[in-house]
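Step one of this worksheet: look at the structure below.
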Protein chains: 2
Amino acid sequence: MNIFGRVMQRQIKMIKALGDETRLRILKLLLKRELCVCELEAALSLPQSRVSRHLTVLRSLGLVEDRREGTWIFYSLFKPQNDFEKSVIQMIRNSLSDSELVNQDEKRLKRKLSQVYVYKCK
Amino acid sequence: MNIFGRVMQRQIKMIKALGDETRLRILKLLLKRELCVCELEAALSLPQSRVSRHLTVLRSLGLVEDRREGTWIFYSLFKPQNDFEKSVIQMIRNSLSDSELVNQDEKRLKRKLSQVYVYKCK
DNA sequence: TTCATATATTCGAATATACGGATATAATAT
DNA sequence: ATATTATATCCGTATATTCGAATATATGAA
């Protein structure tokens, strides 16, 4: 497979990764700010292994970046480098707007973020 | 599931449908013009049942529209009605650019279209 | 009616994906 | 060293998706 083939397969895998409810909810939360796994876990109200597994998929495709800070690992949305990647961001932005589920995610996230928990390494 | 849930599931299904090589190749061909199944079949160089099956998926999600003309059925790209659907079109446009496979699809399509075959119903 | 062409659907098999619970790893604090 | 917290990975199961070949349907022509 040539260079074009590889680019192609990568783009298709990226789109495929977007076509999953859990991953799309994660990406929508990351539009606003970077978040660690336990914050995402609280926002989504899903088991940790499930959140972590989806983050691994997103990371392997370059859709999120990770940054360690002590025991926390913070995930953030990737920075688009070309037109295709820009359209990926646009799709994330425009999808699930007015979705009750996404609203609840944000509500749960706010609750979690408002907890008094001090970041160890700051 | 409420109305938002249904919209959500529909959008996710649409994205999932984009995440398949065959369907993306079909949609890219339809960006330029409407095409019947046998033209798509020639362009993609894939068995008829496979092309037809993917068209059925795309039609069920409203990503393509169909129009009968005698024994031919012509498929065309859907018209976006909102921001999400516009971002779907953008993603189709921006994906697989400079892809060798898509170039070959267009070459095979040209060859097919240049064949002297008269449309029965025109 | 019969035939030919275009398209759709069915079938079983192969592969891929998503899941929760359990376990493993990694960093830090005591 | 041990305990604690955060995160990642493994495992078996369940479900979903894709495929080609074969068959069914639908239209129009002879």
Q | Within residues 45-56 of chain B: residues closer than 4.0 Å to DNA chain C (heavy atoms) | A | B:Q48, B:S49, B:S52, B:T56

Q. Considering the terminal five base pairs at each end of the helix from C:dT1-D:dA30 to C:dT30-D:dA1, what angle separates the two local helix axes, rounded to 10°?
A. 10°

**Q.** A:K13 NZ to C:dA16 C1', straight-line distance once rounded to whole Å
**A.** 12 Å

**Q.** Any A:I12 side-chain heavy atom under 4.5 Å of B:L96 side chain
**A.** yes

Q. Rounded to the Å, how far apart are B:L58 CG and C:dA8 C1'?
A. 15 Å

Q) Which residue, B:R25, B:E21, B:E39, forms the side chain to side chain contact (heavy atoms under 4.5 Å, CB included) with B:L44? A) B:R25

Q: Mind checking side chain to side chain contact (heavy atoms under 4.5 Å, CB included) for B:R68 and listing every partner two or more places apart, or none if nothing turns up?
A: B:I73

Q: Give the rounded distance in Å between these two atoms: NZ of B:K16 and P of C:dA16.
A: 16 Å

Q: Sequence neighbours left out, what passes side-chain hydrogen bond (donor to acceptor under 3.5 Å, both in side chains) with A:R108? Give chain and number order.
A: A:D105

Q. Does A:Q11 reach the side chain of B:L24, with side-chain heavy atoms less than 4.5 Å apart?
A. no

(Q) In this structure, how many angstroms lie between the C1' atom of D:dT17 and the CD1 atom of B:I12, rounded? (A) 17 Å

Q: Take A:I15 and A:F84 through the test side chain to side chain contact (heavy atoms under 4.5 Å, CB included) and record every step on the way to the result.
A: CA-CA 10 Å; A:I15 298 173; A:F84 171 75; 4.0 Å; yes

Q) Which residue pairs satisfy the side-chain hydrogen bond (donor to acceptor under 3.5 Å, both in side chains) criterion with at least one member in residues 84-94 of chain A, sequence neighbours excluded? A) none

(Q) If you compare every side-chain N and O of B:Y75 against the phosphate oxygens of C:dA8 (OP1, OP2), does one of them come in below 4.0 Å? (A) yes

Q: Name all residues meeting the side-chain hydrogen bond (donor to acceptor under 3.5 Å, both in side chains) criterion together with B:S52; count only those two or more places apart in sequence or in a different chain, and write none if there are none.
A: none

Nucleotide N/O of nucleotides 24-26 of chain C paired with protein N/O under 3.5 Å:
none

**Q.** Contacts of B:R23 that satisfy side chain to side chain contact (heavy atoms under 4.5 Å, CB included) - sequence neighbours left out
**A.** B:A17, B:D20, B:H54, B:V57, B:L58

Q | Residues in salt bridge (charged side-chain N to carboxylate O under 4.0 Å, His left out) contact with B:D83, at least two apart in sequence or another chain | A | none

Q) CG of A:L24 versus P of C:dA18: gap in Å, rounded? A) 13 Å

Q. Who are the side chain to side chain contact (heavy atoms under 4.5 Å, CB included) partners of B:S76, not counting sequence neighbours?
A. B:E34, B:E65, B:K79

**Q.** Rounded interatomic separation in angstrom, taking CG from B:L44 and P from D:dC19
**A.** 11 Å

Q. Atom CD1 of A:I73 to atom C1' of D:dT5: distance rounded to whole Å?
A. 13 Å

Q: Starting from P on C:dA27, measure out to CZ on A:R67 and report it in whole angstrom.
A: 15 Å

Q) In residues 59-66 of chain A, which ones come under 4.0 Å of DNA chain C, going by heavy atoms? A) none

Q | Any residue meeting side-chain hydrogen bond (donor to acceptor under 3.5 Å, both in side chains) with A:R50, in chain and number order, not counting sequence neighbours | A | A:T22

